[in-house]
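Structure record follows, encoded as structure tokens.
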Protein chains: 2
Amino acid sequence: MARPRKTVTLKEVAREAGVSISTVSRALNDQPFVRDEVRDRVLTASKALSYRPDVAARSMRTGTTGAVGLVVSDISNPLFAAIAKAADETLSPRGYALMIANSSNDASHEAELMRAFQQRRLDGLIIAAADEGAAGLAERIADFQAAVLLDRDVPEAQADSVLSDHRTGLTDALQHLVDLGHERIALITGTASQRGSRVRIQTYFDACRRLKVACEPALCRSEQMTVDDGYQSVSEVLDLPEPPTAIIAGNNQLFAGLFAAIRDRGLRIPEDLSIVACEETELTALHRPPLDVVRRDLAELGRAAAELLLERIDEPTRAPRQILLPTVFEARASSDRPPAELAA
Amino acid sequence: MARPRKTVTLKEVAREAGVSISTVSRALNDQPFVRDEVRDRVLTASKALSYRPDVAARSMRTGTTGAVGLVVSDISNPLFAAIAKAADETLSPRGYALMIANSSNDASHEAELMRAFQQRRLDGLIIAAADEGAAGLAERIADFQAAVLLDRDVPEAQADSVLSDHRTGLTDALQHLVDLGHERIALITGTASQRGSRVRIQTYFDACRRLKVACEPALCRSEQMTVDDGYQSVSEVLDLPEPPTAIIAGNNQLFAGLFAAIRDRGLRIPEDLSIVACEETELTALHRPPLDVVRRDLAELGRAAAELLLERIDEPTRAPRQILLPTVFEARASSDRPPAELAA
DNA sequence: ATTTAGTCTGCAATCGTTCTCAGAGAACGT
DNA sequence: ACGTTCTCTGAGAACGATTGCAGACTAAAT
């Protein structure tokens, strides 16, 4: 850990090039009113000393940091990891660095993280807020010069957002199951304080009513989106006097819980129970038999969020934009006719 | 996006508390020589104005940023995502923010990322370098005040490192397969420029020789650790005149490729082929039948790396430390006796 | 009463940029 | 020849914190 390379500053480049500090700054920042001959001399000197502007100093002067924040509940969830990757791939070539933070789905911790990011003067924020209704959330978001919501509705924040059209994919999945003869279908999803789950719950009741199948609150579970909650919810639903013949899990964690629960009960897929996952994962993609899934392009989600953010950074007064991305139901081999019909 | 809240600085707190700027700074930083009564007044004023020190300004003065970088090949790989999460959970309570960057396993791109981090004056770096032998890597690492290598050997860097004991887990896996009667076992792993794969390759040849089973270079594939490479390598190995009866994949991506390849060939597990994965994932944990795996605690890896980094930040001159963490082979249901024996 | 030591506080320099402002030349028109 | 405009450059003031140094005040010791 030797520290021989002292950092080289504008002053040294200026001396090397035989000009003043301000001229060096102008030359390096592509500003007008610098003679070509001088600009060349500066560029040469800068290269020779391998000068790199100090981000902190620049940041103090300009108020920008060239860094943006990403707040999600859990970066180790492949869902958010995929989004983070795509966002980084969009931001990095534009010179922005990505700072991540895990809220653990705790609204007050999330608020603290946002304040910390604020203090670091990040140029923008991409956030999948834990609770859309948290007190002061809109203000905290608006405190950022630029902010993009990841599949969240916070109207008062007047922020840009990237949304998934959960309704279409889920409706198609329900239709598919009903077409197979299912009349009792359960939905396991997250709390209504996050748009994705809220939309799923609405869609579920709308579709079940329209398709004239069981539409009972007991079949629609809304808990935290953890593996354990998924396991628990599925267990309770299967212990109902009239259990469902098909279960849809609202995200990958819940699906993992669902999968573990039916494994522990020794249920066969799809003979004993039909299942559908929301979100494609390694498991749904590679399992044999392949698993039915409501897919969406997570990379596109991350990319779109990053692009919206860059747009807003460039043009802070632009009207808020929403981007709606599709979800697609893909039938594979984890759904079939319900057990009663198979027996008949 | 209203911007009403102008940032409140030391000056305003000083005015509010009726003292000078320096006194406020001292009071807030728990320095001696501040009367209790004054300190209280400052703290009250600070709270009233909800003062937050400007990170950029402090950074310029002190040279520290309270941020550390994490460089991995791909943050969307659950393996690195899990490490990132654990590292963040250790660093965040200590006031450090985490900046991530994806090298895409490209050594020159990685070098550029490190320079960018350097320029941001990050207080430390955690890195799973793409190529241990890359020119100048050791110097670039040493340029950081603190650095921790993630399962990499770069002796000249004199850096701290967290290593996995790949040998034990893999040896046990090979022993298990040989005990079952396998005499031709293939290993699909990454390039030797990364410690994990290098150790696996050595271990593979050592163990095969000792156990007196086939020890041919054709059965040991060393490529990039991507799903496609895994698929390709497995295909080629299975097309050999004498194909293996068991295959071990060196990481989760390669295992995904392996899994897809044998699915496409319609091979049954474990009747037609025994397989073992390195790294536990959703797939290996939840698949039915459950899959044999060489596990390690990724969270522990991330945590240990973060802790080593914090130690070194606090004590820059301390001698480099290595932490070796275990790997464990767990037999489940994806390995059995080879086809020939089963037929007999 | 007067030194002396010990506490406390404020002034001002500093970190490395960016950016305003003013001044120096050159070019040009009258 | 003399303004006027235009192009270029440098001096110096920010940005908001930390910190060395000197001075002021208090308390103790002579």
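Chain identifiers are assigned alphabetically (A, B, ...) following the order of the sequence lines, protein sequences preceding nucleic acid strands; residue numbering begins at 1 within each chain.
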Dump the intermediate steps for side chain to side chain donor-acceptor pair (under 3.5 Å) on A:S104 and A:N102, then the final yes or no. CA-CA 6 Å; A:S104 307; A:N102 300 295; over 6 Å; no

Integer-rounded Å distance: [N] [atom2] and [X] [atom1]:
X: B:R61; N: D:dA17; atom1: CZ; atom2: C1'; result: 8 Å
X: A:L10; N: D:dG12; atom1: CG; atom2: C1'; result: 15 Å
X: B:R52; N: D:dG16; atom1: CZ; atom2: P; result: 17 Å
X: B:D30; N: D:dT18; atom1: CG; atom2: C1'; result: 15 Å
X: B:I21; N: C:dT14; atom1: CD1; atom2: C1'; result: 14 Å
X: A:N29; N: C:dG16; atom1: CG; atom2: P; result: 17 Å
X: A:K11; N: D:dA11; atom1: NZ; atom2: P; result: 13 Å
X: B:L28; N: D:dT19; atom1: CG; atom2: C1'; result: 15 Å

Is it true that B:D160 and B:R318 make a salt bridge, defined as a side-chain N closer than 4.0 Å to a carboxylate O?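 Result for this pair is yes, salt bridge flagged.
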
When rounded to the nearest 0.5 angstrom, what is the spacing between OG in B:S25 and CD in B:Q31?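 B:S25 atom OG to B:Q31 atom CD measures 6.0 Å (nearest 0.5 Å).
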
Taking side chain to side chain contact (heavy atoms under 4.5 Å, CB included) as the criterion, tell me which of A:V148, A:D123, A:L91 meets it with A:L310.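 Per the side chain to side chain contact (heavy atoms under 4.5 Å, CB included) rule, the option paired with A:L310 is A:L91, out of A:V148, A:D123, A:L91.
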
Can you give each donor-acceptor pair under 3.5 Å made by side-chain atoms of residues 124-139 of chain A, sequence neighbours left out, with the distance rounded to 0.1 Å?
residue: A:D131; atom: OD1; partner: A:G133; partner atom: N; Å: 2.8
residue: A:E132; atom: OE1; partner: A:R198; partner atom: NH1; Å: 2.4
residue: A:E132; atom: OE1; partner: A:R198; partner atom: NH2; Å: 3.3
residue: A:E132; atom: OE2; partner: A:D153; partner atom: N; Å: 3.0
residue: A:E132; atom: OE2; partner: A:R195; partner atom: N; Å: 2.7

So, A:Q119 side chain and B:P53 main chain: donor-acceptor pair closer than 3.5 Å or not?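 Pair found, side chain donor or acceptor close to backbone of B:P53.
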
Under a 3.5 Å distance rule, please check whether A:T23 uses its side chain to pair with a backbone N or O of A:V19 as donor and acceptor.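 Not at all, since once roles are kept as given, no pair shorter than 3.5 Å links the two residues.
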
Give me the distances for all protein-to-nucleotides 5-9 of chain C N/O pairs that come in under 3.5 Å?
residue: C:dT9; atom: OP1; partner: B:R35; partner atom: NE; Å: 3.4
residue: C:dT9; atom: OP1; partner: B:R35; partner atom: NH2; Å: 2.9
residue: C:dT9; atom: OP2; partner: B:R35; partner atom: N; Å: 3.1

Short side-chain N/O contact to D:dT18 OP1/OP2 from B:Q31, under 4.0 Å: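 Result: no.
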
For B:S25, answer base if it contacts any base atom (sugar-phosphate contacts may also be present), sugar-phosphate if it contacts only those atoms, and nothing otherwise; contact means non-hydrogen atoms under 4.0 Å.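 Answer is base: heavy atoms of B:S25 come under 4.0 Å of a base.
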
Hey, does A:T9 reach any base, or is it just sugar-phosphate, or nothing, if we go heavy atoms under 4.0 Å?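 If one applies the 4.0 Å heavy-atom cut-off, A:T9 turns out to touch the sugar-phosphate alone, with no base involved.
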
Measure from the side-chain heavy atoms of B:R121 and tell me the nearest of D:dG10, C:dG16, D:dA17.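 Ranking D:dG10, C:dG16, D:dA17 by closest atom to the B:R121 side chain puts C:dG16 first.
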
Identify, between B:A57 and B:S22, the residue whose nearest nucleotide on DNA chain C lies closer to the 5' end.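 The residue whose closest nucleotide sits nearer the 5' end is B:S22.
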
